[in-house]
Amino acid sequence: MNQASVNDKYKVSPFYVFFLVHAMQVGLGLLSFQRDLAKITGTDGWISILLAGLIVHILIWLIYKIFSMVSGDIIYANNHAFGKWFGNLFSLIFILYFFVLGMTIITGYIEVIHIWMFEEVPSWALSLVLLILIYYINTGGFRTVTGIAFLAVVVSYWLIFVPFYGLKFAEFTNLLPIFDHTLLEIMKGTRSTSFSMLGFEMILMFYPFIKNAETSKKYAHRGALLNTLLTLIMYFASIVFYSQKQLVITIWPTLTMTSIIELPFIQRFEYIMVSWWVIVIIPNMVIPLWAASRGIKRLFNVEQKYPLWVMSIIILLINIFFFDRDALYILNKIINPYTMCFIVLYLPLLLFFIKIKKWRKRL
């Protein structure tokens, strides 16, 4: 039994992997991905989304292939493939990535609140509230984290129908022309959508927490497929609502679409959208920080609450002293698109070294 083994009472059913993957992928990126994609691929952005979705499915297959050969999590797989020192180095890179991803989502959502609702509320106050909630959920254990992911998907999916209100203003000729961009532009568009596709890689850390984990692969694929379809729907809705020139200068296309909705009892519907989006985005904040703290616990044999404290303090200090739009822009550039490129390269490399090691043992 390796150190990544988990008591059955802390595990969740394979079915919940669908919610863990889907809740992690749907988040901040869905509010703004249309702008960057439209700049590069215009009306052919749907091709880039489909290609990005296909890459995600291939990577999920690779993750499950790795764990079919080496049971455990990414920490154990790295040590098995590369030895203790190099394995721990790669594991630290993943831990740093999980932490930066969680921090990026927290600061990004705070920026949305500043722009759309409460400009005068200091960043540290908003981050403190979110960090207390994140810490409370994470200290409840992985089953609590899974419950939050399940709840976020179930109670928030009505939001998908909100952008369709704008279809009465749609101009469907905006979908033309098609196949009007080069393969290089399509590939660049695929890279620009990576922030909307990230999240599936959390399987690398929570795999040991799944009962009969090998049977959960189909649910992971279904969660990723639903996210790809949702991203396609949002992109098509944006393309027909905005003109090409409007879309490339609109920072938050999804929220801007909802601002046209007026009800007799609610004049500013985007306030509802932004407020409710915190339920959607909570798993995006909770799961990466859980993964980072779990990784530190595995590497340094400390209680998981201590790295959670340290990471929370770092995020709070950053929001007090360093938070601004330029810092958020830098964080987004770190996460998107280079992370997806790293994962695309690293997972096949990891699988290759694991196969080599097993082949040597047979000799």
Side-chain angles (χ1 to χ4, degrees), residues 11-33 56 60 98 101-113 116-117 126-127 129-163 195-203 205-206 209-210 216 219-231 233-234 252 254-255 258 269-294 308 315 335:
K11 293 184 178 182
V12 299
S13 299
F15 169 71
Y16 288 103
V17 174
F18 169 86
F19 296 97
L20 287 163
V21 171
H22 187 60
M24 188 60 218
Q25 286 189 298
V26 177
L28 199 63
L30 202 63
L31 299 178
S32 60
F33 77 96
V56 168
I60 290 175
F98 294 147
L101 177 62
M103 181 171 60
T104 301
I105 294 168
I106 292 170
T107 53
Y109 182 68
I110 291 172
E111 177 70 5
V112 172
I113 294 175
W116 289 89
M117 294 182 68
L126 294 171
S127 64
V129 172
L130 291 173
L131 288 168
I132 291 173
L133 178 60
I134 292 166
Y135 180 81
Y136 178 75
I137 294 170
N138 274 328
T139 51
F142 185 72
R143 291 175 67 88
T144 304
V145 173
T146 304
I148 291 297
F150 174 82
L151 184 67
V153 174
V154 171
V155 305
S156 300
Y157 233 78
W158 65 272
L159 293 173
I160 188 178
F161 300 104
V162 172
F195 194 43
S196 301
M197 297 293 176
L198 289 172
F200 66 93
E201 69 280 2
M202 297 300 155
I203 301 172
M205 282 306 302
F206 66 66
F209 287 83
I210 308 167
S216 67
Y219 297 110
H221 282 292
R222 289 171 186 175
L225 176 61
L226 186 57
N227 178 69
T228 302
L229 295 176
L230 179 59
T231 306
I233 291 170
M234 295 302 298
W252 305 101
T254 303
L255 290 176
T258 64
F269 189 84
E270 65 270 24
Y271 286 4
I272 303 294
M273 186 77 167
V274 172
S275 301
W276 201 280
W277 205 260
V278 72
I279 300 176
V280 178
I281 215 167
I282 277 293
N284 290 202
M285 305 175 188
V286 170
I287 298 175
L289 294 185
W290 174 88
S293 59
R294 169 73 180 174
L308 271 174
I315 294 172
I335 295 297

Output the distance between atom CH2 (W276) and atom CH2 (W158), rounded to the nearest 0.5 Å. 6.0 Å
I110 side chain reached by L130 side chain, heavy atoms, under 4.5 Å: yes
Where A220 and I203 come nearest, the two heavy atoms and their spacing: CB-CD1, 4.0 Å
Might you point out which heavy atoms bring G199 and Q25 nearest each other, and give the distance in Å? CA-CG, 4.4 Å
Within-4.5 Å side-chain heavy-atom neighbours: L289 and I106: yes
Rounded to the nearest 0.5 Å, how far apart are CG of L126 and CG of L131? 10.5 Å
Let me confirm one number: the CG-CZ distance from L101 to F98, rounded to the nearest 0.5 Å. 8.5 Å
Go through the structure and list residues passing ring pair (Phe, Tyr, Trp, His ring centres under 6.0 Å) with F15, not counting sequence neighbours. F19, Y219
What distance separates L255 CG from L31 CG, expressed to the nearest 0.5 Å? 5.0 Å
Parallel, tilted or perpendicular: which describes the rings of F142 and F209, with under 30° parallel and over 60° perpendicular? tilted
Closest non-hydrogen atom pair, M24 against P288: CE-CG, 3.3 Å
Min side-chain heavy-atom separation N227-V56 under 4.5 Å: no
Can you check whether F206 reaches R294 side chain to side chain, under 4.5 Å on heavy atoms? no
Y271 atom OH, neighbour heavy-atom count above 12 within 6.0 Å: yes
V153/V26 under side chain to side chain contact (heavy atoms under 4.5 Å, CB included): CA gap, chis, key distance, verdict: CA-CA 9 Å; V153 174; V26 177; over 6 Å; no
Minimum heavy-atom distance between A291 and M202, given as atom pair plus value: CB-SD, 4.0 Å
Residues T254, M273; criterion side chain to side chain contact (heavy atoms under 4.5 Å, CB included); working and verdict: CA-CA 10 Å; T254 303; M273 186 77 167; 4.0 Å; yes
How far apart are the C-alpha atoms of V17 and R222, what are their side-chain angles, what is the distance that settles it, and do they pass the side chain to side chain contact (heavy atoms under 4.5 Å, CB included) test? CA-CA 9 Å; V17 174; R222 289 171 186 175; over 6 Å; no
Can you name the nearest heavy-atom pair linking T104 to F195, along with the distance? CG2-CZ, 4.4 Å
Step by step, work out the side chain to side chain contact (heavy atoms under 4.5 Å, CB included) result for L30 and V280. CA-CA 11 Å; L30 202 63; V280 178; over 6 Å; no
Ring pair (Phe, Tyr, Trp, His ring centres under 6.0 Å) partners of Y109, counting only residues at least two apart: none
Applying side-chain contact (heavy atoms from CB on, under 4.5 Å), name anything that partners I233, two or more places apart in sequence or on another chain. I160, F164
How far apart are the closest heavy atoms of V274 and V112, and which atoms are they? CG1-CG1, 4.1 Å
Say you draw a straight line from CD1 of I148 to CG of N138; how long is it, rounded to the nearest 0.5 Å? 10.0 Å
How long is the gap from CZ on R143 to OH on Y16, to the nearest 0.5 Å? 8.0 Å
